[in-house]
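Data first, discussion second: the structure below is written as C-alpha cells.
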Amino acid sequence: GGFIPTSVFTGGQTGTFSATPTASRLMVFCYGGSGGSGGNNTEVGPSGTHNGGAGGQGGAGLFTTAIPASYTTPYSVGNNGNNGSSGNNTRPAGGAGGATTLTGSGTANGGTWGNGAGANFAGNAGATGTAPGVAPGIAPVFTDTRNFYTAYAGNAKLIIFENTGT
C-alpha cells in the first residue's frame, strides 16, 4: 500500500517509535535543528555596529527502509542552537543545531553556529547540516534543505510514514 503519516515529533523530543504491526516499510523525513546566530556587536565605533553571522539551516533528508514485524527503534529530534549574546567587544558564536535521527532509518545533522561579530567585523554564517544516511543500504531519497527550510521555518522535525494500508 501507499505511505501514510503516522507520527510527527518536534525539536527536543526523544523516545522509542513503535511501528504499526502491519507495516513493512517506513518513509522517514528528518530535519535537523538550525544553528544559532552569532552575537551582534552593538558598540558604536568608527565602523559602526556589526551583526553576527546567521546560523546554518538544519539538514533535511527523506529515507525509506524495510522493517520487520513488531518494529521498535529509538528516535531523537534535535533542537535549534541558541543565539550568541549581543553587546560590546567581540561577541560569542551561536550554538550548533542538534541532529534528528530515527535509529536504523535516517539522520539529518543540525546546522553549524554563526560566528559572533567584533568591533570591526561582522560574523560569518554557519554551514547547512547534512543528511548522510545511517547504514549501508539506507540511501536518502533526497537531501535538499532549501524547500523544507521554508516549509518548516527552521524547526527540527521527524515525520514517519508507514505503508500500513489503512
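When reading the values below, keep in mind they use all heavy atoms of this one structure, side chains included, and skip hydrogens, waters and symmetry mates.
Between the T10 side chain and the K157 main chain, no donor and acceptor come within less than 3.5 Å of each other.
Here the shortest heavy-atom pairing between G58 and S34 reads N-OG, 3.6 Å. Annotation for T72 and S18: closest pair CG2-OG, 3.2 Å, computed over non-hydrogen atoms. Counting all heavy atoms, side chain and backbone alike, A60 lies closest to F29 at CB-CE1, 4.2 Å. Counting all heavy atoms, side chain and backbone alike, F3 lies closest to L26 at CE2-C, 3.7 Å. The shortest heavy-atom contact between A99 and T107 is CB-CG2, 4.4 Å. Annotation for A156 and G78: closest pair CB-O, 2.9 Å, computed over non-hydrogen atoms.
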* To do: Please lay out, stage by stage, how T14 and V77 fare under the test side chain to side chain contact (heavy atoms under 4.5 Å, CB included).
  => CA-CA 6 Å; T14 61; V77 183; over 6 Å; no

* Could you please spell out the steps behind the side chain to side chain contact (heavy atoms under 4.5 Å, CB included) verdict for F121 and T90? => CA-CA 9 Å; F121 59 89; T90 300; 4.3 Å; yes

* Asked: Could you go step by step and tell me if F161 and I4 meet the side chain to side chain contact (heavy atoms under 4.5 Å, CB included) rule?
  -> CA-CA 5 Å; F161 300 81; I4 61 170; 5.9 Å; no

* To do: Please report the C-alpha distance between R91 and S85 in whole Å, then the side-chain angles of each, then the deciding distance to 0.1 Å, and finally whether the side-chain hydrogen bond (donor to acceptor under 3.5 Å, both in side chains) criterion is met.
  => CA-CA 7 Å; R91 305 311 308 155; S85 62; 3.0 Å; yes

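We find the CE-OG1 distance between M27 and T65 to be 13.0 Å, quoted to the nearest 0.5 Å. If you take CG on N163 and CZ on R25, they are separated by 7.5 Å, rounding to the nearest 0.5 Å. To the nearest 0.5 Å, atoms CD1 (I67) and OG (S24) are separated by 7.0 Å. In this structure, OG on S105 lies 7.5 Å from CD1 on I160, to the nearest 0.5 angstrom. In this structure, CG on N79 lies 9.0 Å from OG1 on T100, to the nearest 0.5 angstrom.
Residue pairs meeting the side chain to side chain donor-acceptor pair (under 3.5 Å) criterion with at least one member in residues 36-45, sequence neighbours excluded, do not occur. A ring pair (Phe, Tyr, Trp, His ring centres under 6.0 Å) check over residues 66-101, counting only residues at least two apart or in different chains, returns the pairs F9-Y75.
Under the 3.5 Å distance criterion, with hydrogens and angles disregarded, a donor-acceptor pair is assigned to the side chains of T20 and E162.
Considering only heavy atoms from C-beta on, V28 stays 4.5 Å or farther from L62 through its side chain.
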